[in-house]
Amino acid sequence: MKRDYEYIVLGLGGFGSAAVYWLSKRAGADVMGLEQFELGHVRGESQDHSRIIRLSYHTPSYVELAKHAYRAWTHLENDAGEQVILKTGGLDLAPRVSAIPLSDHSGSMEAAGVNYEVLDAAEIMRRWPPFQLGEDVHGLYQAESGIAMAARANAAHQRVAREHGATLRDRCPVDSIRPLNGEIEIVAGGVEYRCRRLVITAGSWSNRALAPFGVQLPLTVTQEQVTYFVPPRPRDFQPGRFPIWIWLDQPCFYGVPTFGEQGPKVGQHHGGRVVTADTRTFEPDQAALGRVQQFLGRYIPSALGPIIYTKSCLYTLTPDRDFVIDAVAGYPTALVAIGGGHGYKFASLIGRTLSELAVDGRTESDIEPFRIARPTLQLANGPTNQ
Ligand SMILES: Cc1cc2nc3c(=O)[nH]c(=O)nc-3n(C[C@H](O)[C@H](O)[C@H](O)COP(=O)(O)OP(=O)(O)OC[C@H]3O[C@@H](n4cnc5c(N)ncnc54)[C@H](O)[C@@H]3O)c2cc1C
């Protein structure tokens, strides 16, 4: 059994699956990915039918990053011979006086040369009759927005990585990590391996994987949830008839047209309680569900119907909500990526970026905002979650 690899990826969720795919294009059989649970498990952050992808963002640099993200997904689609992005168009909605001004998004798209439309409530309701909005609500429409088919894309990354010769082992937790001179020794599933570069994509378990490097980040893990509903007129919520949407206020809600289930999906962004990967439950939070139902009752009443299910999921948040994509401080042999509550749309791009850092020691992507040494990650009171 091969025990020496150039590249080992720890954690095969959204980012790790992308990392093994992009690494395998450069290094084939010299790549191994290790996952503590079964591939496609639901204890992490990346496993659902859909995640929102959009160019509309609050800063021009995220808009630019999102442009690159679409290109990375297209690359995967061509390699895998299957579709993983479904463009439905996307609506940012908000009261004219809101906690998150729409002008941040329109200004960012303007600066990045992205086309969008400004719509008033009447026009939104004319195009998408399920919305019931007062005149105080306005919106931005961007046609490229849509669905990243998360579960399918993770499987595609994994499948093509294997076709390129990579070894992926699931039910194989990494139990110990030891940085050596120029390489890293790890023990996983009772077997000792060595690699020249270790890529850590451990989501809510990141601080555990970083501990052997003497690094702990001020991460907060929250338990979030989404709910699928069966609307009385399912046709109104089919992709092509209904967009992805985000309500940009406090609280912030979002929704996805019917995809993977018999009706649309709705959630509250960052409405969950603080947990750890060990203390989280899989029980629906009834209060959070109530807030979603109340919101729908007011603004999209015809989306309400019998609940198919509510599914929980974790956010791993940095204090500034920006990602971490960098070498582990003091250890150029180890790389880490952490995505927070909005990372999936960038998964393939982040995998490519990690592969460039691992193979070339540099990347085409602008990772300056995501450096591990940035001041917000050096908080004196240490991590919230282990
Ligand atoms: C409800 C919800 C909705 C979201 N909506 C969106 C959205 O619409 N758009 C968007 O862009 N983003 C969205 N996100 C955020 C996005 O899903 C995450 O940023 C992204 O999936 C993070 O992926 P990851 O690979 O870092 O984490 P994970 O998918 O959790 O992967 C980490 C993996 O590492 C494994 N692991 C950890 N430790 C070890 C070990 N010691 N040994 C072996 N394996 C290990 C874990 O088992 C896990 O499989 C949402 C998140 C949630 C929870």
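One-based numbering, in listed order, for ligands and for the atoms of each. No hydrogens, no waters, no symmetry mates; every other heavy atom, side chains included, goes into these values.
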Q | atom 22 (C) of ligand 1: nearest protein contact (heavy atom, Å) | A | Glu45 OE1, 3.5 Å
Q.
Are any of the N/O atoms on Gly343, whether in the backbone or the side chain, positioned under 3.5 angstrom from an N/O atom of ligand 1?
A. yes
**Q.** ligand 1 atoms in contact with Pro173 (distance to a heavy atom under 4.0 Å)
**A.** 42 (N), 43 (C)
Q: Could you tell me which atoms of ligand 1, counted from 1 in the order shown, lie closer than 4.0 angstrom to a heavy atom of Gly14?
A: 25 (O), 29 (O)
**Q.** Nitrogen or oxygen of Gln225 less than 3.5 angstrom from that of ligand 1
**A.** no
Q. Less than 6.0 Å separating the ring centroids of Phe323 and Phe346?
A. yes
**Q.** Where ligand 1 meets Thr201 - atom numbers and elements under 4.0 angstrom, heavy-atom basis
**A.** 32 (C), 33 (C), 34 (O)
(Q) Check this for me: does any side-chain nitrogen of one of Arg196 and Asp30 sit under 4.0 Å from a carboxylate oxygen of the other? (A) no
(Q) Tell me if a side-chain donor or acceptor on Ser17 pairs with a main-chain N or O of His157 at a distance below 3.5 Å. (A) no
(Q) Could you check whether any heavy atom of Tyr254 sits closer than 4.0 Å to an atom of ligand 1, since that is the contact criterion I want to use? (A) yes
Q: Decide yes or no for Leu23 and Arg197: does some side-chain heavy atom of the first lie under 4.5 Å from some side-chain heavy atom of the second?
A: no
Q. Backbone, side chain, both or neither: what part of Ile52 comes under 4.0 angstrom of ligand 1, heavy atoms only?
A. both
Q. Does Glu38 pair with Arg43 as a salt bridge, N-O distance under 4.0 Å?
A. yes
Q.
Any nitrogen or oxygen of His342 lying under 3.5 Å from a nitrogen or oxygen in ligand 1? Just yes or no.
A. yes
Q | Nearest neighbour in protein (non-hydrogen) for atom 51 (C) of ligand 1 | A | Tyr315 CE1, 3.4 Å
Q: Kindly state whether the ring of Phe242 and the ring of Phe131 have centres lying under 6.0 angstrom apart.
A: yes
Could you list the donor-acceptor pairs under 3.5 angstrom formed by side chains in residues 297-311, with sequence neighbours left out?
| residue | atom | partner | partner atom | Å |
| --- | --- | --- | --- | --- |
| Tyr309 | OH | Glu261 | OE2 | 2.7 |
| Thr310 | OG1 | Thr227 | OG1 | 2.9 |
| Lys311 | NZ | Gln47 | O | 2.8 |

Q.
Looking at ligand 1, would Arg43 count as a contact under a 4.0 Å heavy-atom criterion?
A. no
Q: Heavy atoms only: give me the nearest Val292-Gly267 pair and the separation to one decimal.
A: CG2-C, 4.0 Å
Q: May I ask you to list the atoms of ligand 1 that are less than 4.0 angstrom from any heavy atom of Phe37?
A: 47 (O)
**Q.** Donor-acceptor contact below 3.5 Å, side chain Thr220 vs main chain Thr316
**A.** no
Q.
Checking side chain to side chain donor-acceptor pair (under 3.5 Å) between Gln223 and each of Thr276, Thr281, Thr279, which is the one that passes?
A. Thr281
Q. Can you find an N or O of Leu10 that's nearer than 3.5 Å to an N or O of ligand 1?
A. no
Q: List the closest protein heavy-atom neighbour of atom 16 (C) of ligand 1: residue, atom name, distance to the nearest 0.1 Å.
A: Tyr344 N, 3.4 Å
(Q) Does Arg178, at its CZ atom, have more than 12 non-hydrogen atoms belonging to other residues, nucleotides or ligands within less than 6.0 Å? (A) no
Q) Identify the closest protein heavy atom to atom 50 (C) of ligand 1: which residue and atom is it, and at what distance? A) Arg51 NE, 3.4 Å
Q: Among all protein heavy atoms, pick out the one at the shortest distance from atom 46 (C) of ligand 1; state its residue, atom name and that distance to 0.1 Å.
A: Gln36 NE2, 3.4 Å
Q | The one among Val9, Ile338, Val174, Leu39 that brings a heavy atom closest to atom 41 (N) of ligand 1 | A | Val174
Q) Heavy atoms only: which of Gly44, Cys313, Gly341, Gly16 is nearest to atom 53 (C) of ligand 1? A) Cys313
Q | Lys/Arg-Asp/Glu bridge criterion (N-O < 4.0 Å) met for Glu117, Arg127 | A | yes
Q. Between His342 and Tyr57, does the ring centroid distance fall short of 6.0 Å?
A. yes
**Q.** Residue Leu314 vicinity, atoms of ligand 1 by number, heavy atom under 4.0 Å
**A.** 53 (C)
**Q.** For atom 25 (O) of ligand 1, closest protein heavy-atom neighbour
**A.** Phe15 N, 2.9 Å
Q) Closer than 4.0 angstrom: is that true for some heavy atom of Ala209 and an atom of ligand 1? A) no
Q: May I ask you to decide whether Asp322 forms a salt bridge with Arg374, counting only side-chain N to carboxylate O separations under 4.0 Å?
A: no
**Q.** Residue, atom name and distance, where the atom is the protein heavy atom closest to atom 19 (O) of ligand 1
**A.** Gly340 O, 2.7 Å
Q: List the closest protein heavy-atom neighbour of atom 35 (C) of ligand 1: residue, atom name, distance to the nearest 0.1 Å.
A: Glu35 OE1, 3.3 Å
Q. Atom 21 (O) of ligand 1: which of Cys172, Ser204, Ser46, Gly40 has the nearest heavy atom?
A. Ser46
